[in-house]
4 protein chains.
Amino acid sequence: MGRKQLYAESELLDVTKRLVLNHGYDGFHLKMLSQHLPGARSTIYQYYANKEEIVAACMKRVISNVYEKVSAVDETDPMSALQEVLTIYVEESKLHQLLGDANKINTNNSEAAARDLAFIEKVHADLKVQLTRLIGRAQQEGKLRKEVPLPVLVGTFFNLFNTPNMLNAPALQWSQMLFDMWVGGSGQ
Amino acid sequence: MGRKQLYAESELLDVTKRLVLNHGYDGFHLKMLSQHLPGARSTIYQYYANKEEIVAACMKRVISNVYEKVSAVDETDPMSALQEVLTIYVEESKLHQLLGDANKINTNNSEAAARDLAFIEKVHADLKVQLTRLIGRAQQEGKLRKEVPLPVLVGTFFNLFNTPNMLNAPALQWSQMLFDMWVGGSGQ
Amino acid sequence: MGRKQLYAESELLDVTKRLVLNHGYDGFHLKMLSQHLPGARSTIYQYYANKEEIVAACMKRVISNVYEKVSAVDETDPMSALQEVLTIYVEESKLHQLLGDANKINTNNSEAAARDLAFIEKVHADLKVQLTRLIGRAQQEGKLRKEVPLPVLVGTFFNLFNTPNMLNAPALQWSQMLFDMWVGGSGQ
Amino acid sequence: MGRKQLYAESELLDVTKRLVLNHGYDGFHLKMLSQHLPGARSTIYQYYANKEEIVAACMKRVISNVYEKVSAVDETDPMSALQEVLTIYVEESKLHQLLGDANKINTNNSEAAARDLAFIEKVHADLKVQLTRLIGRAQQEGKLRKEVPLPVLVGTFFNLFNTPNMLNAPALQWSQMLFDMWVGGSGQ
DNA sequence: TATGAATGAGGATTCATTCAT
DNA sequence: AATGAATGAATCCTCATTCAT
């Protein structure tokens, strides 16, 4: 019964992701969003109650997706696990940029947004924990320099995937190159 | 001679820089700016014709400053020059974040903003050229791995100073640590 | 310095009072308000942050005014005090209708509105207390029927001034007529 | 033949009455109404063409109901007739409050609402006529004070049933108490 | 008949900018 | 030069109503 939907919720979130990445949280408007979707602006409110909920849902979906993939990685060997994890992050390389806007979301108006944000923060912390665990183990096993403080190793690793992919290499190849440089360094 | 000015232009730009970094270009309002300065909101228009010009002038000043320091570096030995340059960038580590907002500035309303933006882009390109030159020479001199494509070396170097300084180390020390890891890698 | 104001805050509240009485809280719009004032709609926001604050301030002013007058009444003789108090209420006969909308004001968005509302409720309670005290004393002194429960006496008195003034009698005369009927009844 | 109706028209009007009383005409929404009924919001349009018609029909039903009961009262003795009439009004004590919103209904869009409103006004006038007739006769018969102008007697009587029933007495008892006070007054 | 989806009109609010003192 | 007041454009959001299944 009822009419056919003009677009699916997931399409809405896809477009939102693209626009928030291009324009930032404050530069993202529902007018803009509706211009990139069929139908009228007010139709968007059939899906989400307000701007905050849209962006929160979008971020939640992105980070959930990463979390799922990353949780499936076999951690037996920490170094190859790190390589695999890096590939996943490289594929979703804008994750950090997106999450950087998370704290701008005003959750006073919306329960749902508040819940999504709490979830996002939880998962974000979990991801850091996993990385710290893997890097710590690799260090223990003598694969990584012991004199470098763990937070620094984690920080440089986490920052790695922001590197602009100037060669436009495919994700896997690019991630291997980055990992290789992270481990081996640029020096001769 | 009229009244004394309420504040210097440089104060205005200092506050602007801080606020744009904290809130992003679209999250930055003149109301906000005036609340962090003495005097009324409308007084700001005695200094700059519009919001765009303020932010453009702010960015111009920051990048000019970096450019000046970086131009003064002795390039005789490329590796130590790179280390010195990195220190300068680390001191102004938010440079990239700030410049990331540059493309949001609408230059249709303002000649001055357009001119500033052109300048910013020019200097930005010059900085990359300098870095590419230094890294290229270091590679030639056998200090950096020859099989790594130059753009990748430049990219990872340029991305280096976005690494969050989790230890809150002083700039010089932090820059040395980052350089050491960039050259030597994290691996044992 | 600065321009001359188009209207005073008190004018704004006067118009608001009239409009809220005619159209009810939900029927009252800022568009409507601005159409009854000089200047643009957005100018209203120079005076109050939002609709809620306007209506709360309006109600606060009305009830404060009544409270002030009523507090000045000499309570030595409860019956003549009641007559005086009634005259004051009759002059501001729409008080109850106005306060009836007070509970519709959403105070989540506004500190100021919440404060004003709390004040309104406090004063409202004080007014009831005063009335109860006067009527109680009159009852004690044998001026009012002892077998009628005090709340009923208070209720009928408080309801008295909602009676439509069909004769358009002047306030004092009308209030005396109502008081006479309240005390003596309609019966022969 | 066809589906069974989700709910009866009278249920719809019952809920409408309750909601209009609680929230006022402008605070009453079809969304709200549908949330207190089974089925979807759009289903309401199977019963009534628009919001105006719903509220008009609701008010018409309420006032018709009162009119019917009040018409059945034996008017032989005006005083006991008045007492009986008062009981009926007390049972439907929110009548005035409801009718107070009648003038807010915009009848430009709807014939039916216009017709209902005309009916309401007619009956409202009839009710006043009946009351005036009864009170006039009681006055003639020497049961009510002759020096009090008839409109004042009618006005105070009509206003009587707005008195808040603070004791939560049953309707009959409450109405007797009010009548007693209206006739005999509060005084000793 | 029932309904989920779509929509446009309308009101709230913010903010850059201009005006007038 | 400084500023308080005024404003219009732009965004957010809600709601009555219509559409299409």
Side-chain angles (χ1 to χ4, degrees), chain A residues 1-7 26-34 37-54 106 109, chain B residues 1-7 26 28-34 38-54 106 109, chain C residues 1-7 26-34 37-54 106 109, chain D residues 1-7 26 28-34 38-54 106 109:
Chain A
M1 246 175 282
R3 278 204 236 180
K4 211 164 51 194
Q5 289 197 168
L6 284 175
Y7 47 83
D26 289 293
F28 168 79
H29 307 304
L30 289 213
K31 188 180 178 189
M32 188 185 256
L33 177 56
S34 83
L37 284 171
R41 201 185 335 178
S42 59
T43 303
I44 295 172
Y45 291 89
Q46 301 275 355
Y47 294 80
Y48 293 97
N50 50 48
K51 180 180 158 176
E52 284 76 32
E53 291 193 10
I54 296 171
N106 174 3
N109 306 320
Chain B
M1 319 222 247
R3 269 188 251 188
K4 204 178 71 182
Q5 295 205 156
L6 272 174
Y7 41 83
D26 290 289
F28 167 80
H29 308 304
L30 290 211
K31 193 180 179 187
M32 192 185 245
L33 177 56
S34 82
R41 190 169 10 156
S42 50
T43 304
I44 294 171
Y45 289 87
Q46 306 282 348
Y47 295 76
Y48 292 97
N50 51 50
K51 184 181 159 175
E52 284 76 30
E53 291 192 9
I54 296 171
N106 175 2
N109 307 319
Chain C
M1 249 175 281
R3 277 206 237 179
K4 211 165 50 194
Q5 288 197 168
L6 284 175
Y7 46 84
D26 289 294
F28 168 79
H29 307 304
L30 289 214
K31 188 180 179 188
M32 187 185 255
L33 177 55
S34 82
L37 284 172
R41 201 190 328 182
S42 57
T43 302
I44 295 171
Y45 290 89
Q46 301 274 354
Y47 293 80
Y48 293 97
N50 49 50
K51 181 179 158 177
E52 285 75 33
E53 291 193 9
I54 295 171
N106 174 4
N109 306 320
Chain D
M1 6 201 273
R3 267 187 254 189
K4 205 178 73 184
Q5 294 206 156
L6 272 175
Y7 42 81
D26 289 291
F28 167 79
H29 308 305
L30 290 212
K31 192 180 178 184
M32 193 184 243
L33 177 56
S34 81
R41 187 165 19 150
S42 50
T43 304
I44 294 172
Y45 289 88
Q46 306 282 348
Y47 295 77
Y48 292 96
N50 51 49
K51 182 180 160 176
E52 284 76 30
E53 291 191 11
I54 296 171
N106 175 3
N109 307 319

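Chain naming here is simple, since letters A, B, ... match the order of the sequence lines and numbering starts at 1 in each. For clarity, every value in this text was computed on a predicted model and none was experimentally measured.
One can place CD of Q5(C) at 17 Å from P of dT3(F), the figure rounded to the nearest angstrom. Rounding to whole angstrom units, CD1 of residue I54(C) and C1' of dT13(E) are separated by 11 Å. As a whole-Å value, the separation of F28(B) CZ from dT14(E) P is 19 Å. Atom P of nucleotide dA6(E) and atom OH of Y7(A) are separated by 7 Å, given to the nearest angstrom. Summarising the geometry, the separation between CG on L6(C) and P on dG8(F) is reported as 12 Å, rounded to the nearest angstrom.
Within residues 40-49 of chain B, the residues that place at least one heavy atom under 4.0 Å from DNA chain F are, in residue-number order, A40(B), S42(B), T43(B), Q46(B).
For the pair P38(D) and K51(B), nearest-nucleotide mapping onto DNA chain E gives the more 5' position to P38(D). In terms of position along DNA chain F, the nucleotide closest to L30(A) lies nearer the 5' end than the nucleotide closest to the other residue of the pair L30(A) and G2(A). Mapping R3(C) and K31(D) onto DNA chain F via the closest heavy atom, the residue that lands nearer the 5' end is R3(C).
Between the CD atom in E53(C) and the CD1 atom in I44(C) there is a gap of 13.5 Å [rounded to 0.5 Å]. Atoms CG and CG, from N109(D) and N50(D) in turn, are 6.5 Å apart once rounded to the nearest 0.5 Å.
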Item to complete: Carefully, step by step, assess L37(C) and T43(C) under the rule side-chain contact (heavy atoms from CB on, under 4.5 Å).
Response: CA-CA 10 Å; L37(C) 284 172; T43(C) 302; over 6 Å; no
Worksheet item: What would the secondary structure line of DNA chain F be in dot-bracket form, counting Watson-Crick and G-U wobble pairs under 3.5 Å, with [ ] for pairs that cross earlier ones and | for pairs with another strand?
Response: .||||||||||||||||||||
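Of the possible polar contacts, one joining the Y47(B) side chain to the Y7(B) backbone as a donor-acceptor pair under 3.5 Å is found.
Contact between L6(B) and G39(B) at its shortest, heavy atoms only, is CD1-CA, 3.7 Å.
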